[in-house]
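Structure, as structure tokens:
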Protein chains: 2
Amino acid sequence: MIREGGTAALSLREATRRAGVTPGAAYRHFRGRDDLLAAASRAIQEQMTARMRTAVPPRPAGEVSVAEDAAARALDRLRGVGLGYIGFARAEPGWFETVFFGAPGVGAETGAGEGAGEERDHEVAPPFLALLAALDECRDTGVLTAERREGAEFVCWSAVHGFAELVIHGPLRDAPAEVVDALSVRVVDDIIAGVR
Amino acid sequence: MIREGGTAALSLREATRRAGVTPGAAYRHFRGRDDLLAAASRAIQEQMTARMRTAVPPRPAGEVSVAEDAAARALDRLRGVGLGYIGFARAEPGWFETVFFGAPGVGAETGAGEGAGEERDHEVAPPFLALLAALDECRDTGVLTAERREGAEFVCWSAVHGFAELVIHGPLRDAPAEVVDALSVRVVDDIIAGVR
DNA sequence: CACACCAAGTAGACGCCGTTCACATCGGCC
DNA sequence: GGCCGATGTGAACGGCGTCTACTTGGTGTG
């Protein structure tokens with residue numbers, strides 16, 4: 001349901017209907033619609049990281065790792081993470097909409113959890129972890145100084161996520177695919193240049 | 001209602017209730033809830049551009065415009081647009097959420113309008129226009145080459161909009177204000193560096 | 001073996017929502 | 001003076017999320 005129609009299209013009643021069950025049964029497994037949405041969001045994030053992993057080709061078997069090659073590989077990985085993120089958003093806009101946006105409303109009413117043992121949802125999202133790893137690799141291979149590494153994840157994530165939204169909801173909504181392709185690499189390359 | 005609670009908090013019934021009127025009356029002025037939301041979005045965008053205009057200090061009265069100064073002023077204006085955008089998103093997250101995201105669902109079912117004279121909503125948003133103007137000024141003053149100017153609006157908008165989302169919904173949700181302040185200028189400066 | 005127990009599901013209700021339709025009302029214009 | 005269009009009303013329909021009391025079927029234990 002999320003896949004076609006986005007977050008708003010997730011209906012608890014419709015979900016139970018498809019499961020061949022009455023609406024009340026859902027409350028045996030989820031605290032409510034929001035909880036169901038959060039569970040879906042987690043499932044989607046796994047798919048997303050998997051896709052981002054396959055988007056960047058695995059390191060070639062040759063072990064001739066001159067420092068220069070290691071740096072180039074780190075840069076390629078960083079580009080792959082960014083382009084993979086954008087690619088996922090374009091391929092599955094409904095899923096994408098849910099991932100980083102689904103759970104909390106705009107109000108700050110998330111405080112005052114019920115129990116004490118409540119595990120907060122503040123664990124870092126897997127796709128964000130992939131970005132962190134790529135940036136660390138850039139620092140370790142000398143592509144990024146330690147100073148420039150600091151906070152770079154926010155700059156990179158901002159640009160890539162913002163572009164994804166631009167393509168899905170914004171003025172690039174119905175631009176031809178080749179234009180979006182070209183702009184994708186432009187955004188990723190420019191942001192990497194700016195962050196170095 | 002949108003201001004506190006975001007897009008989802010806009011209820012047509014509640015709106016008519018506050019207006020002291022029955023729900024049906026709304027349909028004399030709007031085609032439905034989506035149309036009301038679109039009207040609200042337009043109103044918000046005007047407020048947003050006004051705020052972005054005041055965020056960048058007006059040009060000093062001195063008319064000693066060496067080319068160098070004109071370039072510096074163009075750069076300042078570009079920074080101001082970016083920081084104003086982020087500032088608006090932080091000050092009014094509910095409004096912000098609606099502006100670039102309110103109207104269409106994720107599906108592409110916007111086609112097949114009813115009448116022939118239907119004016120499409122593809123007119124460019126005013127805050128985006130402010131960005132275009134700032135970038136043009138950068139080109140005219142030599143800050144940006146004509147080649148680099150091409151498509152730069154998408155790179156800039158991506159970074160700034162993405163950062164705003166990061167602050168509102170993402171891992172920077174409850175970061176202290178000073179950290180967000182510092183990261184804001186980092187993002188804006190890095191993206192300008194990358195785009196040049 | 002029998003029994004208590006508990007997870008899972010059901011039936012039905014409540015209040016909110018968006019939307020529609022037939023009907024009232026009231027002001028301005030020919 | 002009578003018409004008409006804009007505006008609002010009242011009631012209804014179906015869908016939604018959520019809650020509560022009640023049934024049921026399997027499982028582990030005395």
Side-chain angles (χ1 to χ4, degrees), chain A residues 1-44 94-95 97-99 101-115 117-119 121 169, chain B residues 1-44 93-95 97-99 101-119 121 169:
Chain A
M1 293 161 59
I2 290 176
R3 199 173 197 178
E4 49 193 44
T7 305
L10 175 68
S11 147
L12 193 142
R13 282 189 114 103
E14 173 68 17
T16 58
R17 213 172 294 133
R18 294 193 192 184
V21 135
T22 54
Y27 289 83
R28 299 292 168 191
H29 306 273
F30 304 97
R31 268 195 299 253
R33 185 192 180 261
D34 284 0
D35 192 38
L36 172 61
L37 194 60
S41 175
R42 256 166 308 198
I44 294 171
W95 279 354
E97 182 192 355
T98 298
V99 167
F101 172 65
V106 74
E109 41 195 332
T110 54
E114 47 186 33
E118 173 112 2
E119 86 271 34
D121 216 343
H169 304 304
Chain B
M1 293 162 59
I2 291 176
R3 197 175 198 177
E4 48 192 43
T7 305
L10 175 68
S11 148
L12 193 143
R13 281 189 112 102
E14 174 68 16
T16 58
R17 214 172 292 133
R18 295 193 192 184
V21 137
T22 53
Y27 289 83
R28 299 291 170 191
H29 306 271
F30 303 97
R31 267 196 300 256
R33 186 192 179 261
D34 285 2
D35 192 37
L36 171 61
L37 194 60
S41 175
R42 255 165 312 198
I44 294 171
W95 279 354
E97 181 192 356
T98 299
V99 168
F101 171 65
V106 71
E109 39 194 332
T110 54
E114 48 187 33
E118 174 112 5
E119 86 270 37
D121 215 343
H169 305 303

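Lettering follows sequence order; numbering is per chain, from 1. Note that these values count all heavy atoms, side chains included, but never hydrogens, waters or copies made by symmetry. This structure is a prediction, so every number in the text was calculated from the model and none was measured.
Residue-level contact check: Arg13(A) touches the bases, meaning some heavy atom is under 4.0 Å from a base atom.
Smallest separation of non-hydrogen atoms from His29(A) and Asp35(A): O-OD2, 4.5 Å. Nearest heavy atom pair, residue Trp95(A) against residue Ile2(A), reads CD1-CG2, 3.8 Å.
Between the axis at the start and the axis at the end of the helix from dC1(C)-dG30(D) to dC30(C)-dG1(D) there is an angle of 10°, using five pairs per end and rounding to 10 degrees.
Arg33(A) places its CZ atom 17 Å from the P atom of dG15(D), with the value rounded to the nearest Å. Rounded to whole Å, atom C1' of dC16(D) lies 15 Å from atom CG of Leu37(A). To the nearest angstrom, P of dC16(C) lies 17 Å from CG of Leu10(B). Rounded to an integer number of Å, the gap from Glu14(B) CD to dC16(C) P is 10 Å. In this structure, Asp34(B) atom CG and dT19(C) atom C1' are separated by 12 Å, rounded to whole Å.
Partners of Arg17(B) by side-chain hydrogen bond (donor to acceptor under 3.5 Å, both in side chains), not counting sequence neighbours, listed by chain and number: Glu14(B).
For dG15(D), neither phosphate oxygen OP1 nor OP2 lies less than 4.0 angstrom from any side-chain nitrogen or oxygen of Ser11(A).
A distance of 8.0 Å separates CG in Leu36(B) from CE in Met1(B), rounded to the nearest 0.5 Å. Note: Leu37(A) CG to Leu10(A) CG = 5.5 Å, rounded to the nearest 0.5 Å.
Looking at residues 19-29 of chain A, you'll see Val21(A), Thr22(A), Gly24(A), Ala25(A), Arg28(A), His29(A) sit with a heavy atom under 4.0 Å from some atom of DNA chain C.
With 3.5 Å as the limit, one finds no donor-acceptor pair spanning the side chains of Thr98(A) and Ser41(A).
Between Leu12(B) and Tyr27(B), some side-chain heavy-atom pair lies under the 4.5 Å cut-off.
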